[in-house]
Amino acid sequence: MKYRTPKGVQDILPPEVSVWQKIENVARRVFSVYGYQEIRPPIIEFTELFVRGIGEETDIVEKEMYTFQDRAGRSITLRPEGTASVVRAYIQHHLYNLPSPQRFYYMGPMFRYERPQKGRYRQFHQIGVECFGEDTPRVDAELMHMLFRYLEAIGLRDLSFEINSIGCRQCRPRYREKLLQFLSSKREQLCTDCLRRYSRNPLRVLDCKVPECIEATKGAPAVTEYLCANCQEHFGSLKRYLEQLGLTFRVNPRMVRGLDYYTRTTFEVLSSELGAQNAVAAGGRYDDLVEEFGGPPTPAIGFAVGVERLATLIMERADTEGPRLFGYFATLGERATEEAMGLASRLRDRGLWVEMNYRPEASLKSQLRKANRMKAMYVFILGEEEIQKGVIRYKRMDDGFQSEVKLSDFVAFITGSMVQES
RNA sequence: GUGAGCGUAGCUCAAUGGUUAGAGCACUGGACUGUGGCUCCAGGGGUUGUGGGUUCGAGUCCCAUCGCUCACCCCA
């Protein structure tokens, strides 16, 4: 085969597209009643935006970005995530002058240069939301509840919600120090990866799956115990609101996110059916990012769902039916085939999906077989005999019933009685 | 970037180192001159991913390479 898609990118073929459309349509419907409006940032941005937003030390920035120089020598990057762009747009267009909170959603492709595996691709798609201008945990709870409602609306159950608070500019450095203190005594027990993490991003050590590391970090201090008074209150209220909303969740003090901009609330929605890449959605608060990007101090929170991951969960449940073919014109001979073109066109004008035979010499048998395979509800048979008599035969494929109508009455007959019964 | 598994017909898979690489599904046609699904019959389809090597002989063994998959790392 001469041409294939590049590694980690794929075609979404029609049966799957109908699942995607459902995922997108339900998102639009659910998010809009919470006041979210669609925003469409570009797919390329200046590289600097992501480096500053996501964090220079993160894996995404260090080794996963699709970066290139444009013809003027500027460094451009295919977006690896959506939040940085939305924050940029929020500031660039002075949207902070509109009444708070300002809420946006977006959907589209993201790009990360990683080795693909189940649920992880180089071009993947996210549906994300961002809410600017409110720091109350009520907004956190509302947003997480909206996510839950959304997942419920597209038919997913058995998902687990995990939440955490990773503190703010005041309390996180303090916790980091405590953790380093604790880990320094355990250094011989840690795996090589964790020794690297120890100096670069010690919070990650808590997330390690190597049994020795899990053992070594058993008594490690939890972030949630070192929150400052404000963060503690924020987190406590959030948990209370979530309970009030009836959303069951688990506090996971070891949950660490891979993007540097998060503050306070972080959360993930996990499925056990997805293999190693088990997060269908994830998000958190980023109260400092707008200011860091040069906007006014503006608290914010958002999440993103992975469309491919949702789609695989839905596909495993089958029943992914697209629209059904209404009618197929089976024709015999040149005259009949020409006549069918006109009739098909008139039915299509009435909004009916119809197909026709294009080869006058094809056998009726082969045409019926084809119509059957296309799952046509009706076959309209037009041959020399019918043309002579001025009629057209119609056949209902479910039960094989057939009869004929005058050609002059055909369109009215079809758009009248038959459409209603189907 | 690291590791493992797998590459045979459009799809799912057979074939102890030994004739001409098979089967099911799908496709086309026939049994049934203009009537689908069920059944039976026939037919078209292959550089066994690619390139080397070992051997009298390689789909099978070895090496390399490409691709796919899963996992690590990390994340949606």
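The sequence lines fix the lettering, A, B, ..., with proteins before strands; numbering per chain opens at 1.
- Between A:Lys22 and the options A:Val19, A:Asn25, A:Val26, a side-chain contact (heavy atoms from CB on, under 4.5 Å) holds for only A:Val26.
- Projected onto RNA chain B by closest heavy-atom contact, A:Lys7 and A:Phe124 fall at different nucleotides, the more 5' of which corresponds to A:Lys7.
- When distances are taken from the side chain of A:Gln126 to each of B:A26, B:A76, B:U35, the shortest belongs to B:A76.
- Between A:Lys389 and A:Glu404 a salt bridge is recorded (basic side-chain N to carboxylate O distance below 4.0 Å).
- Atom NZ in A:Lys118 sits about 13 Å away from atom P in B:C72, given to the nearest Å.
- Nucleotide B:U35 holds its C1' atom 13 Å from the OH atom of A:Tyr328, rounded to whole Å.
- Closest contact between the side chain of A:Asp59 and the listed nucleotides B:C74, B:A26, B:A76 involves B:C74.
- Judged by distance alone, the side chains of A:Asp140 and A:His234 do bring a donor and an acceptor atom under 3.5 Å apart.
- Taking atom P in both B:G7 and B:C62, the straight-line distance is 13 Å, to the nearest Å.
- The base of B:C74 sits with one of its N or O atoms less than 3.5 Å from a complementary donor or acceptor on the side chain of A:Arg120.
- One atom, CZ of A:Phe329, and another, P of B:G36, lie 20 Å apart when rounded to the nearest Å.
- In this structure, CD1 of A:Ile392 is placed 14 Å from C1' of B:U35, rounded to the nearest angstrom.
- For A:Gln367 and B:U35, the CD to P distance is 12 Å, given to the nearest whole Å.
- Listed nucleotides: B:A76, B:G36, B:G1. Nearest to the side chain of A:Arg115: B:G1.
- For A:Ala276, the listed nucleotide lying nearest its side chain is B:C72; candidates were B:U28, B:C72, B:C27.
- Look at CG on A:Leu325: it is 18 Å from P on B:G36, rounded to the nearest Å.
- To the nearest angstrom, C1' of B:C74 lies 18 Å from CZ of A:Arg254.
- Here A:Arg369 reaches the OP1 or OP2 of B:G29: one of its side-chain N or O atoms lies under 4.0 Å away.
- Regarding contacts with the backbone of B:A76, every side-chain N or O of A:Gln277 stays at 4.0 angstrom or more from both OP1 and OP2.
- Candidate nucleotides B:A76, B:C72, B:G30 were compared by shortest atom distance to the side chain of A:Gln117, and B:C72 ranks first.
- Here the nucleotide nearest the side chain of A:Glu385, chosen from B:C68, B:A76, B:G34, is B:G34.
- Looking at A:Glu386, its side chain comes within 3.5 Å of the base of B:G34 through a donor and an acceptor atom.
- Residue contacts for A:Ala371: at a heavy-atom cut-off of 4.0 Å it reaches no nucleic acid atom on any strand shown.
- Judged by Watson-Crick or G-U wobble contacts below 3.5 Å, the nucleotide B:A58 has no partner.
- In terms of polar N and O atoms assigned as donor or acceptor, the side chain of A:Lys395 comes within less than 3.5 Å of the base of B:U35 in a complementary pairing.
- Here the nucleotide nearest the side chain of A:Arg393, chosen from B:G29, B:C73, B:G34, is B:G34.
- Seen from the ring of A:Tyr226, A:Arg174 does not count as a face-on cation partner, given the 6.0 Å and 45° thresholds.
- Look at B:A4: its Watson-Crick or wobble partner, with both distances under 3.5 angstrom, is B:U69.
- When each of A:Glu64 and A:Gly8 is assigned the nucleotide of RNA chain B with its nearest heavy atom, A:Gly8 is the one assigned upstream, toward the 5' end.
- Under 3.5 Å, the side chains of A:Ser32 and A:Gln37 contain no donor-acceptor pair of N or O atoms.
- Counting to the nearest Å, the C1' atom of B:U35 and the CE atom of A:Met397 are 9 Å from each other.
- Between the side chains of A:Thr266 and A:Asn164, no donor N or O sits under 3.5 Å from an acceptor N or O.
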